[in-house]
Amino acid sequence: MFKAVCFDFDYTLGDGTDSIVAGFQYGLTQLGWPAPDREAIRATIGYLLEDSYAMLTGDSDPARQAQFRTLFTQAALERQRRETILFPGAAELLRALKAQGIKTAIVSTKRGDTIEVILERLGVADTIALVIGSADVKRHKPDPEGLLAAMDRLGVAPEETLFCGDTVLDAGAAQNAGTHFAAVLNGITPAEHFAPYHPDHISPDLWDLAQWLAV
């Protein structure tokens, strides 16, 4: 159906909630903010860390946002690399796409080097052709920069490409890049929020996505 399938990472393929929550709570309390609850933090996963900080605190000061990133990284980086798991069906889907010669990439606001460590630890690094993370672009989703870069490096056109993600940021990036889009409901965004973006498919899980892709 497609020559390339690109994925978001957090809450699409992988789940590192515990380590991410720990990083947010540490970083925010160190800066004098009350520790937000788990669900408030989960609602910001998928956004750039600086944007998540602003969403949770209302503080848009770039210096404090940078401080928060440093503190978050101190608490969460190694835990994410060590503890993140794949959602059920993720490894099987990635291996099936590779077996059929379909190119794959990850386009995420997460650090690319962290994603690469996770993929290697979980034994699926060989199924992903490239990873584009937060440091690899200047403009983040829903801007299409990351997706456009992935398609350029994979040598595919937008109409040949499917982007899979769990947030409206992902849906917006796909729309802005001109690709197809499949919503994956592994995160907290309900299916109805994707309606304005006219997704090709809405998958309750990765098993369903694989079935829809016929892999």
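Using cut-offs of 30° and 60° on the angle between ring planes, the pair H201 and W212 is parallel.
Remark: E39 pairs with R42 by the side chain to side chain donor-acceptor pair (under 3.5 Å) rule, at least two apart or across chains.
If you take SG on C164 and CZ on F9, they are separated by 14.0 Å, rounding to the nearest 0.5 Å.
Judged by distance alone, the side chains of D166 and T189 never bring a donor and an acceptor atom under 3.5 Å apart. Checking S134 against R111 by side-chain atom types alone, no donor-acceptor pair falls below 3.5 Å.
Listed for the H180 side chain is a donor-acceptor partner under 3.5 Å among the backbone atoms of E159. D208 places no side-chain N or O within donor-acceptor distance of the main-chain N or O of D205, the cut-off being under 3.5 Å. S52 contributes a side-chain N or O that, together with a main-chain N or O of T44, makes up a donor-acceptor pair within less than 3.5 Å. Formation of a donor-acceptor pair under 3.5 Å by the S19 side chain with backbone atoms of A76 is not found in this model. In this structure, Q25 contributes its side chain and P36 its backbone to a donor-acceptor pair below 3.5 Å. Within the 3.5 Å criterion, the main-chain N or O of T167 finds a donor-acceptor partner in the side chain of D170. Using modelled atom types, one side-chain atom of E145 and one backbone atom of K138 make a donor-acceptor pair closer than 3.5 Å.
For the pair L28 and F68, the minimum side-chain heavy-atom distance is below 4.5 Å. The closest side-chain heavy-atom distance from V124 to R95 is below 4.5 Å.
Other residues, nucleotides and ligands contribute over 12 non-hydrogen atoms within 6.0 Å of the CD atom of Q74.
Results of the side chain to side chain contact (heavy atoms under 4.5 Å, CB included) test with K110 over I118, L48, L49, D8 single out I118 as the only residue that passes.
The shortest heavy-atom contact between R81 and T114 is NE-OG1, 3.3 Å.
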